[in-house]
Amino acid sequence: MTTTTTRVLALLEILQGGGIHPVPDLAARLAVDERTVRRYVGHLLDLDVPVDAVRGRYGGYRLAPGYRMPPLMLTDEEALAVVLGLLAAQSAGLVTTSAAASESAAAKLRRVLPKPLARRLAALLETADVTARPRPGAAPETAVLLGLAEATHQQRPVALTYTDRKGRRTDRTVLPYGLVAHAGRWYLAGADPAAGGGDGDGEGAVRTFRLDRISALSVRSGSFVVPATFDPVTRVLTGLARTPWAHEVSVRVRADVPHVRRHLPADLATVSPIAAAAGTDDADPAERDGEPDGTPEADRDGWVRVRMRAERLDWIPPVLAALDRPFVIEHPAELRDLVRALARRLDACADQ
């Protein structure tokens with residue numbers, strides 16, 4: 001490859017980084033004069049690469065907006081990063097309903113790369129495997145994911161058709177605050193003005209929506225402001241932990257929050273120190289005015305309250321046992337029976 005060709009490709013790589021690049025800066029980076037830079041730009045134009053000349057004090061050259069450059073300029077590490085990203089997204093279930101898109105993207109990537117590198121990447125795809133498997137039927141529509149991403153970025157309301165976990169379809173307008181990928185699913189955290197229960201600002205309660213349950217989406221006029229302290233990840237995990245399943249569980253554990261979190265992640269349970277909650281406006285009614293919850297005032301320090309919702313209770317006793325800390329079951333009563341049954345089974349195994 002000649003020096004001129006190498007520098008033309010280097011210029012293209014610089015322009016692919018985005019932004020406007022002044023001619024003096026390009027000349028310095030390529031170690032040529034400004035006239036040569038303009039000649040290199042002419043070479044790119046001859047190859048149908050749309051380079052725009054921006055006039056003015058802060059002018060220079062840039063690639064035309066929207067131009068899609070085939071990945072000819074990827075280094076080995078960059079090509080590997082792209083392929084591994086496609087593989088990871090597919091295995092984690094984060095691709096959209098166009099599942100074949102990731103496979104066709106990898107195929108196109110291999111076609112335009114140098115043969116030795118393409119052959120090595122093909123070998124990786126054919127021999128590598130992952131332990132995580134995507135959840136069946138949890139992929140959102142491509143248009144839904146991209147439409148929500150744009151509306152969230154621009155802070156525009158959206159109208160959507162949503163089917164909840166009980167199969168009920170509703171049309172609603174939502175203020176999209178943030179998108180979160182978690183455990184093989186995409187979620188939207190946003191305010192639902194029609195739901196009420198907000199802070200009196202007219203934006204309504206903040207809800208969590210699964211993107212694979214959104215069947216129609218349109219962006220509406222208007223705008224909104226996301227609360228400065230809002231954290232989409234925390235809201236989604238808390239919303240998942242509070243999903244109204246058949247059983248509501250409350251347990252006091254003598255442990256700190258990090259220890260409990262190692263066994264019960266944020267999407268399964270909420271964990272709060274009892275001492276911090278007592279006597280505050282946010283405290284549970286059972287924790288105010290004395291000791292109706294059964295925790296002596298002197299023993300509140302060092303205890304946390306674990307709350308979770310569950311469709312079945314049989315998996316909870318082994319988790320409580322794995323905590324290896326004292327605990328008190330507040331409710332439901334049937335959980336106590338399951339814990340006793342587990343204790344009898346463990347005792348029988350220990351005597352064998």
Hey, what do you get for CZ (Arg220) to CG (Leu160), rounding to the nearest 0.5 Å?
9.5 Å
Could you tell me which residues satisfy side chain to side chain contact (heavy atoms under 4.5 Å, CB included) with Asp337, sequence neighbours excluded, listed by chain and number?
Arg340
Ion pair Asp212/Arg210, N-O distance below 4.0 Å
yes
Considering only heavy atoms from C-beta outward, does the side chain of Asp351 approach that of Asp347 to under 4.5 Å?
yes
Is there a side-chain contact between Pro244 and Arg165, using heavy atoms and a 4.5 Å cut-off?
yes
Within a strict 4.5 Å, meaning less than it, do heavy atoms of the Leu335 and Pro317 side chains meet?
yes
Does any non-hydrogen side-chain atom of Leu26 lie less than 4.5 Å from one of Tyr40?
no
Within-4.5 Å side-chain heavy-atom neighbours: Met308 and Thr270
no
Value for CG (Leu268) from OG1 (Thr243), rounded to nearest 0.5 Å, stands at 10.0 Å
Applying side chain to side chain contact (heavy atoms under 4.5 Å, CB included) to Tyr61 and Val23, what does each step give before you reach the verdict?
CA-CA 7 Å; Tyr61 291 111; Val23 174; 3.5 Å; yes
For the pair His21 (side chain) and Arg62 (backbone), establish whether a donor and an acceptor sit closer than 3.5 Å, ignoring hydrogens and angles.
no
Side-chain heavy atoms under 4.5 angstrom apart, residues restricted to Ile, Leu, Val, Met, Phe, Trp, Tyr: same cluster for Val49 and Val54?
no
Val249 and His331: side chain to side chain contact (heavy atoms under 4.5 Å, CB included), yes or no, with the steps?
CA-CA 6 Å; Val249 178; His331 57 80; 5.8 Å; no
Which other residues end up in the same hydrophobic cluster as Trp245, if Ile, Leu, Val, Met, Phe, Trp and Tyr are linked when side-chain heavy atoms come under 4.5 Å apart?
none
Any idea how Tyr177 and Phe224 line up, ring-wise: parallel (<30°), tilted (30 to 60°), or perpendicular (>60°)?
tilted
Quick one: CG on Asp267 to CZ on Arg242, what's the gap to the nearest 0.5 Å?
13.5 Å
Quick check for you: to the nearest 0.5 Å, what is the distance between Thr208 atom OG1 and Leu237 atom CG?
9.0 Å
Hey, does the side chain of Arg235 reach the backbone of Val206 with a donor-acceptor pair shorter than 3.5 angstrom?
yes
Taking atom CZ of Arg312 as the centre, report whether more than 12 heavy atoms of other residues, nucleotides or ligands fall under 6.0 Å from it.
no
If you measure from the Lys or Arg side-chain nitrogens to the Asp or Glu carboxylate oxygens, is any gap between Glu150 and Arg156 under 4.0 Å?
no
Output for pair (Leu12 CG, Leu47 CG), nearest 0.5 Å, gives 9.0 Å
For Arg305, the option from Val253, Ile274, Val260, Val271 that meets side chain to side chain contact (heavy atoms under 4.5 Å, CB included)
Ile274
Verify, without hydrogens or angle tests, whether Thr238 (side chain) and Thr234 (backbone) share a donor-acceptor contact under 3.5 angstrom.
yes
I'd like to know if Asp164 pairs up with Arg213 as an ion pair, taking the criterion as any Lys NZ or Arg NE/NH1/NH2 lying under 4.0 Å from an Asp or Glu carboxylate oxygen.
no
Verdict with reasoning, Ile14 to Leu30, per side chain to side chain contact (heavy atoms under 4.5 Å, CB included):
CA-CA 10 Å; Ile14 293 171; Leu30 297 173; 4.2 Å; yes
Return yes when atom CZ of Arg336 has more than 12 non-hydrogen atoms of other residues, nucleotides or ligands closer than 6.0 Å, and no otherwise.
yes
Parallel, tilted or perpendicular: which one describes the rings of Phe209 and Tyr162, with boundaries at 30° and 60°?
perpendicular
Quick one: are Leu211 and Leu148 in side-chain contact, heavy atoms under 4.5 Å?
yes
Any Val32 side-chain heavy atom under 4.5 Å of Val37 side chain
yes
Could you see if Trp315 belongs to whatever hydrophobic cluster contains Val339? Use Ile, Leu, Val, Met, Phe, Trp, Tyr and a side-chain cutoff under 4.5 Å.
yes
OG of Ser215 to CG of Asp171: how many Å apart, nearest 0.5 Å?
8.0 Å
More than 12 heavy atoms of other residues, nucleotides or ligands under 6.0 Å from CZ of Arg309: is that the case?
yes
